[in-house]
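Letters A, B, ... mirror the listed sequences (proteins, then strands); counts begin at 1.
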Amino acid sequence: MIAKVIVDVPSRQTDRPFDYKVPEAIEDWIEVGSRVGVPFGGRVLQGFVVGLSETATVDSSKLKAVAELLDPVPPLLPDMVELSEWLCAKYCCSRTQALGVMIPAALKGKEERYIGIEEDVETVLLPEALKEEIRENGGWIKLERLLRSFPEHAGSVKEGLRSGMLAVRSSIKDRLAVRTVLTVFPLEDTVAMAAAKQAMPRSAAKQITVLEHLLEHPYPVAMAQLAKELSVAVSTIRALEKKELLSIREVEKERDPYGDRSYERTVPLALTKEQEAVYSRIADVIRSEHHFTMLLHGVTGSGKTEVYLQSIQYCLEQGKQAIVLVPEISLTPQMVERFKGRFGTAVAVLHSRLSDGERYDEWRKIRSGRAVVAIGARSAIFAPFRHIGLIIIDEEHESSYKQEESPKYHARDVAVRRAKQHGAAVVLGSATPSLESFAAASRDMPPGAPSPLLPMPSRVSGRPLPEVEVVDMRSELRDGNRSMFSRKLHGELLRRLERGEQSVLLLNRRGYSTFVMCRSCGYTAACPHCDISLTYHQKTRLVRCHYCGHAEAAPGQCPSCESEHIRYFGTGTQKVEEELAKLFPGIRVIRMDVDTTSGKHAHERLLSQFGERKADVLLGTQMVAKGLDFPYVTLVGVIAADTSLNLPDFRAAERTFQLLTQVAGRAGRHHLEGEVIIQTYSPEHYAIAKSQQHDYAGFVREELRHRSVMAYPPYCRLALVLMSHEQLPAVIAASDRFAAEIRELAQHEGVLVPLSSGRPRAVEVLGPVASSIARMKDRYRFQCVIKYRGSVDVSGMVQRVLQSLLKETAHRGVQFSVDVDPQVII
DNA sequence: AGCACGCCGACT
DNA sequence: GTCGGCGTGCTC
């Protein structure tokens, strides 16, 4: 038998299957999706089996054999191997990257080499110390350790290996410490145990206590826990083991990050008429076993989560599994609690704050079938279930579903592809759907076919959406108020303090960091490697580059004109916090931003503090806008709505509308009425005006008009190709060449026509132009934007051009990065 | 990615 | 005359 293996080498030249003989001993175990160790170019590498056949594609004398099978159960299922093929074709990534993104990091094994002394060979030339060290270790010692102990003998080791005096043995070792716990197993024969207890001498009181306990609870129990509960020594239990009245074994322990918490079981709530209609549509699709993607458009507070829960329940009853994706940021304890409360231990939770080990344990729960619901961020879309019936993507418009590193996949698109493979239902849920999803769901359907649009326009509580007031900050300034708080927001904050209610303040800080600028000459501190402005960090008094990490001392005077009028600009959450403390002495503020939420449980700790009303104000960036639900929050303030509006990004208006709508939904969710104040310098902008009126449809109409005029999604699709090189001429040459080649290819296929032509298949190539960050990490960057429409295989075209381009020596050293479906173009 | 093979400068 | 620079090419 021959195994086709993708080896774990991140290089274009090795990005194809290699053939290996399968040793008979593992023939029955190896499968498509197995992880193996294979000899490759003089070392042993990890690889994935993507095919099994009887014949090889190269002559069999060249074939080597699979060295080892790394898991008893293949970590990937055959449908995922197929999915990996689709991933690398669509997103222009290597096969290794596509496979790697589907498994937990703990399973990215590395070679470990062990050194031994060859038998029946004269080894007199080897240093005595080396031979002794190896012998003392039972004949084999890790190469790394040997070299660390005897750095002076590195040459001898190399020579010993070359001349055959030393032997090397390689094995792939997972990056994983499997934790074990000593566990006490009571005798299965309880009668014998009871008899032994009777026969114990009275002096063995402690041993009798243990036996009594085990007779009452005849289940395996952790030894440490047993000893503590009964306050007996471990040696007492050991003594019983000697008498063969129980056994002690090491049991693999799973790290359950939620293990120390118990969840109140919840029961399905009665659905409203609206919820019921949506639920039954979803259930119909699950039952049909035919893939169908639906868009659940529900206002904040419309009870989407309960619909999710009951749909999942139905899916499980059909004997299928369900995946729920939520944005990382809203994967809060509150959210997890609702799912654990309904489905108990059948839920696996996957989020980025887990350690590699914890993530691996949750993943294994899925792979082994002990979990049937996976809830997690983006990568949970690769949960290794066998029969997926339902995939839910909550807050589907969130940009965190797009991975920004290769493979640059969009979880929404992967979800649809997986659902097609499994015949599953996809539910995209949002109060503010992305224009792409809304347009797709609003397409004309064949007569009689059910619509993919599932509307939930009313709130479960029956409460109206909160009042939103827009404050024009220009008139504040005109009236002499130079503070970052308008008089209105100031007054309302004060009222909340007096009444003991809580407020949420949002600082929309995207692209709005504290930068250093000279008021005399206009000099700004910029990174010498990346050409972007440096941000000021008060704690360390350093200015730092957000891209490469370059840091230097904050200048005390202008390096350009030597003026003293150098100032730190922009409003960070820290600054707002200081201002709050000044304006409202004694105010209790919880600040949430990247600085305060970096710890493992910092995010949830801060939120629970706020939930316990230990603070008056929750101040934060985007992360306070999502999914929070606190009954005493009656005021939401947005400090500057337009910071995101003015970004040079075609989705700026959409992002702003979404953010404002989301954050407004945080106020007055319970018995107290909520109020929202939006401060802005452009109150007339439709993104702000329509969010004030809670008018999604109105916003979409306006925004679609803009997108149509400018030919942006959903009226076309985009691909971004970024090229970089240390030398400017090299990157200019490469990008010019790339643009010419791709145009020629499109011309050849007859699709190089302007989008405005109205032709169903069209491709436009823009650029090349210098990237807006023209240099990063000492590399110059140029980019091409490709706009296209219809069934044009742009990924395939780009890959073909890159393949021929990279063969040419002139373009060696040029790095290409392809983003199909980029979320931001700046 | 690594590692070996291969053709041109400063050293015993 | 050799040791070693890293350019080029291959890995089942």
Side-chain angles (χ1 to χ4, degrees), chain A residues 1-24 26-27 30-70 81 84-85 88 92-101 105 107-115 142-144 147 154-164 166-173 175 405-407 724-727 730 734 802-817:
Chain A
M1 186 162 37
I2 303 295
K4 314 250 171 218
V5 178
I6 300 286
V7 291
D8 193 14
V9 179
S11 152
R12 269 202 177 79
Q13 290 163 70
T14 51
D15 193 32
R16 60 188 174 84
F18 286 83
D19 290 352
Y20 288 89
K21 284 185 284 202
V22 178
E24 252 177 57
I26 59 170
E27 268 197 4
I30 202 163
E31 292 175 40
V32 169
S34 287
R35 195 168 59 110
V36 290
V38 289
F40 190 79
R43 59 216 160 113
V44 176
L45 291 177
Q46 173 172 299
F48 284 97
V49 177
V50 296
L52 288 167
S53 77
E54 288 310 317
T55 52
T57 45
V58 287
D59 88 278
S60 59
S61 61
K62 277 171 86 178
L63 288 189
K64 291 181 183 171
V66 172
E68 55 178 337
L69 185 65
L70 296 176
V81 173
S84 77
E85 227 166 305
C88 64
C92 302
C93 69
S94 71
R95 201 67 195 277
T96 306
Q97 284 175 326
L99 290 162
V101 80
L107 293 185
K108 282 172 191 166
K110 259 187 73 181
E111 180 184 24
E112 262 182 13
R113 294 186 199 199
Y114 289 83
I115 300 294
K142 216 191 264 185
L143 174 63
E144 270 182 343
L147 292 177
S156 304
V157 173
K158 210 176 168 190
E159 174 58 22
L161 285 168
R162 207 191 54 77
S163 64
L166 293 177
V168 65
R169 216 156 67 176
S170 283
S171 172
I172 301 289
K173 192 82 185 160
R175 285 193 272 171
E405 309 86 53
S406 191
S724 72
H725 194 277
E726 284 171 20
Q727 257 113 48
L802 290 190
Q803 210 159 42
S804 75
L805 222 66
L806 286 167
K807 274 197 200 121
E808 296 174 27
T809 45
H811 301 119
R812 205 168 295 120
V814 178
Q815 270 178 25
F816 287 85
S817 140

*Look at the side chain of A:Phe40 and decide which nucleotide, out of C:dT8, C:dC12, B:dC3, has an atom nearest to it.*
C:dC12
*A:Pro17 near the nucleic acid: base, sugar-phosphate alone, or nothing, with a heavy-atom cut-off under 4.0 Å?*
nothing
*Starting at atom CG of A:Asp8, determine the distance to atom C1' of C:dC12, rounded to an integer number of angstrom.*
16 Å
*What is the distance from CZ of A:Arg812 to P of C:dG9, rounded to the nearest Å?*
8 Å
*In whole angstroms, how far is the C1' atom of C:dT11 from the CG atom of A:Asp59?*
15 Å
*Does a salt bridge link A:Arg113 with A:Glu144, judged by any charged N lying under 4.0 Å from a carboxylate O?*
no
*Counting side-chain heavy atoms from CB outward, which of B:dA1, C:dT11, C:dT8 is closest to A:Ser11?*
B:dA1
*Short side-chain N/O contact to C:dT11 OP1/OP2 from A:Lys64, under 4.0 Å*: no
*asked:* What is the separation between atom CD on A:Gln13 and atom C1' on C:dC12, rounded to the nearest whole Å?
replied: 15 Å
*Could you state the CD1-P distance from A:Ile6 to C:dT11, rounded to the nearest angstrom?*
16 Å
*May I have the step-by-step check of side-chain contact (heavy atoms from CB on, under 4.5 Å) for A:Val7 and A:Phe18, ending in yes or no?*
CA-CA 8 Å; A:Val7 291; A:Phe18 286 83; 4.2 Å; yes
*Does the side-chain ring of A:Phe18 lie flat on the base of C:dC12, meaning centres under 5.5 Å and planes less than 30 degrees apart?*
no
*The side chain of A:Pro10 lies closest to which of these nucleotides: B:dC3, C:dT8, B:dA1?*
B:dA1
*Distance, rounded to the nearest Å, where A:Asp19 contributes CG and C:dC12 contributes P*: 11 Å
*Could you tell me whether A:Arg12 contacts a base, only the sugar-phosphate backbone, or nothing, with contacts defined as non-hydrogen atoms closer than 4.0 Å?*
nothing
_Nearest whole Å is fine: how far is C:dC12 P from A:Lys21 NZ?_
12 Å
*Describe the nucleic acid contact of A:Tyr20 in one word from base, sugar-phosphate, nothing, applying a heavy-atom distance below 4.0 Å.*
sugar-phosphate
*Side chain of A:Arg43, base of B:dA1: donor and acceptor closer than 3.5 Å?*
yes
_Counting neighbours of CD on A:Glu726 that are heavy atoms of other residues, nucleotides or ligands and sit closer than 6.0 Å, is the number greater than 12?_
no
